[in-house]
Protein chains: 2
Amino acid sequence: MHTCPEAMGHCKKINEVLARVGDRWSVLVIFSLRNGKRRFNELKRELNISQRMLSLTLRDLERDGLISRHYHPTIPPKVEYDLTDLGQSLRGPVKVMTEWALANHEAIDTARAAFDEQAAEAAA
Amino acid sequence: MHTCPEAMGHCKKINEVLARVGDRWSVLVIFSLRNGKRRFNELKRELNISQRMLSLTLRDLERDGLISRHYHPTIPPKVEYDLTDLGQSLRGPVKVMTEWALANHEAIDTARAAFDEQAAEAAA
DNA sequence: CCGCATCCATTTGGATACTG
DNA sequence: CAGTATCCAAATGGATGCGG
């Protein structure tokens, strides 16, 4: 049966996790840390994200145990972010998703353009 | 080198795609259609989503070519949604992500609780 | 049954200014 | 350099009522 109750129960948990790591920036930060630690402004430049959103995203990822934050009290200060073991375990899924994104980016654009043209015709 | 320019250029495209399928509901709808076509209210009940959001999500997924919509002009009306080939190609990545979500749901909760407790101590 | 339109509360996110 | 705080605009999302 396609409505097996376990899948239904899973849905809620999956939803919760996706609401956490499925926001606009989290996956991209994980992606940027795939090859090792990065500094705050390195991430900012690479992702073209506002200071505010990077700050919030990093805090949430740290809170969820996905990244670690290491503060060096030098002058000027230096803060490095890195993936935790839990964060490392997300690299696989993220890699799969990003590869799909790259492979199908244009297919989506094409479908979208076709849909919009259909809608425009219907309106005429 | 971890700052290879291709990865930087990729970032933007990945971001665009994730902004599309990475919203709160899209992945769950894909997940719900993994075993074949479903009707509007079936999805609504299964996902515990508001009518409005399901409607919007289905429309966007159709626009992006990920699902198909088949309308039966019966009385009462009947509308079935199904994955397109492009949507089918997302099943793999979505499966990987949902399995990670299920496997690490509790680890995230634990990390979050620990972080919040630390913050509470620091405040005291 | 399916789904759009409207209203309204909540959330998100950019811009700017300021601190250690 | 690495943030936090504030203000404000825009997007998101639920509730309700209506129409095919």
Side-chain angles (χ1 to χ4, degrees), chain A residues 3 11-12 15-16 18-29 32-33 37-64 67-82 115-116 118-120 122-123, chain B residues 3 11-12 15-29 32-33 37-64 67-82 115-116 118-119 122-123:
Chain A
T3 54
C11 229
K12 187 160 174 293
N15 194 349
E16 287 174 15
L18 291 179
R20 284 169 182 164
V21 300
D23 70 276
R24 183 158 184 72
W25 298 112
S26 293
V27 167
L28 286 174
V29 169
S32 285
L33 291 175
K37 57 183 66 165
R38 312 299 295 269
R39 298 181 61 177
F40 186 88
N41 276 341
E42 282 181 321
L43 292 169
K44 184 171 180 301
R45 279 189 299 272
E46 182 167 342
L47 298 180
N48 201 30
I49 181 180
S50 72
Q51 193 175 43
R52 171 190 157 84
M53 291 316 297
L54 180 56
S55 190
L56 292 175
T57 301
L58 288 171
R59 167 158 284 267
D60 284 344
L61 288 174
E62 187 194 0
R63 184 172 177 236
D64 289 346
I67 66 173
S68 61
R69 178 181 184 276
H70 198 62
Y71 175 76
H72 305 271
T74 54
I75 296 179
K78 178 177 172 181
V79 181
E80 289 180 314
Y81 294 91
D82 201 358
F115 184 93
D116 289 348
Q118 286 284 62
Chain B
T3 54
C11 227
K12 188 161 172 294
N15 193 351
E16 288 174 14
V17 176
L18 291 180
R20 283 169 183 164
V21 300
D23 70 274
R24 181 159 186 71
W25 298 112
S26 293
V27 167
L28 286 174
V29 170
S32 285
L33 292 175
K37 58 183 63 164
R38 313 299 296 269
R39 297 182 60 177
F40 186 87
N41 277 342
E42 282 182 319
L43 292 169
K44 183 170 181 302
R45 278 189 298 273
E46 181 167 343
L47 298 179
N48 200 29
I49 181 180
S50 71
Q51 194 176 44
R52 171 190 157 83
M53 290 316 297
L54 179 56
S55 191
L56 291 175
T57 301
L58 289 170
R59 167 159 283 267
D60 283 344
L61 288 175
E62 187 194 0
R63 184 173 178 237
D64 289 346
I67 66 174
S68 62
R69 179 181 183 276
H70 198 61
Y71 175 75
H72 305 271
T74 54
I75 296 179
K78 178 177 172 182
V79 181
E80 288 180 315
Y81 295 91
D82 201 358
F115 184 92
D116 289 348
Q118 285 285 61

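Scope of the values below: all heavy atoms of this structure, side chains included, with no hydrogens, waters or symmetry mates. Reminder, nothing fancy here: chain letters follow the sequence lines and each chain counts from 1.
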(request) Using heavy atoms to find the nearest nucleotide of DNA chain D for A:Phe40 and B:Ile49 separately, return the residue whose nucleotide is more 5′. (result) A:Phe40

What is the separation between atom [atom1] on [X] and atom [atom2] on [N], rounded to the nearest whole Å?
| X | N | atom1 | atom2 | answer |
| --- | --- | --- | --- | --- |
| A:Leu58 | D:dG3 | CG | C1' | 11 Å |
| A:Arg24 | D:dA10 | CZ | P | 17 Å |
| A:Asn41 | D:dG3 | CG | P | 9 Å |
| A:Lys78 | D:dG3 | NZ | P | 13 Å |
| B:Gln51 | D:dG17 | CD | P | 13 Å |
| B:His72 | C:dG3 | NE2 | C1' | 16 Å |
| B:Asp60 | C:dG3 | CG | P | 14 Å |
| A:Glu42 | D:dG3 | CD | P | 13 Å |

Using a cut-off of less than 4.0 Å, is there contact between a side-chain N or O of [X] and OP1 or OP2 of [N]?
| X | N | result |
| --- | --- | --- |
| A:Tyr71 | C:dG20 | no |
| A:Arg39 | D:dA2 | yes |
| B:Arg69 | C:dC2 | no |
| A:Ser55 | D:dG3 | no |
| A:Ser50 | C:dG14 | yes |
| A:Tyr81 | D:dC1 | no |

(message) Using heavy-atom distances to pick each residue's nearest nucleotide on DNA chain C, tell me which of A:Arg52 and B:Arg52 is more 5'.
(response) B:Arg52

(message) Judged by each residue's nearest nucleotide on DNA chain C, which is more toward the 5′ side, B:Pro76 or A:Leu56?
(response) B:Pro76

(message) Side chain of B:Pro77 only, heavy atoms from C-beta on: which candidate in C:dA17, C:dC1, D:dC1 is closest?
(response) C:dC1

(message) More than 12 heavy atoms of other residues, nucleotides or ligands under 6.0 Å from CG of A:Asn48: yes or no?
(response)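 Atom CG in A:Asn48 is not packed in, count stays at 12 or less.
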
(message) Just verifying a value: how many Å separate B:Leu56 CG and B:Ile49 CD1, rounded to the nearest 0.5 Å?
(response) 8.5 Å

(message) Return the CE to CZ distance between B:Met53 and B:Arg24, rounded to the nearest 0.5 Å.
(response) 9.5 Å

(message) Main chain of B:Gln51, side chain of B:Ser55: is a donor-acceptor contact present, judged purely on distance under 3.5 Å?
(response)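 Here the side-chain-to-backbone pair does not exist.
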
(request) Determine the sole option in B:Leu54, B:Val29, B:Leu58 for which the side-chain contact (heavy atoms from CB on, under 4.5 Å) test with B:Tyr81 is passed. (result) B:Leu58

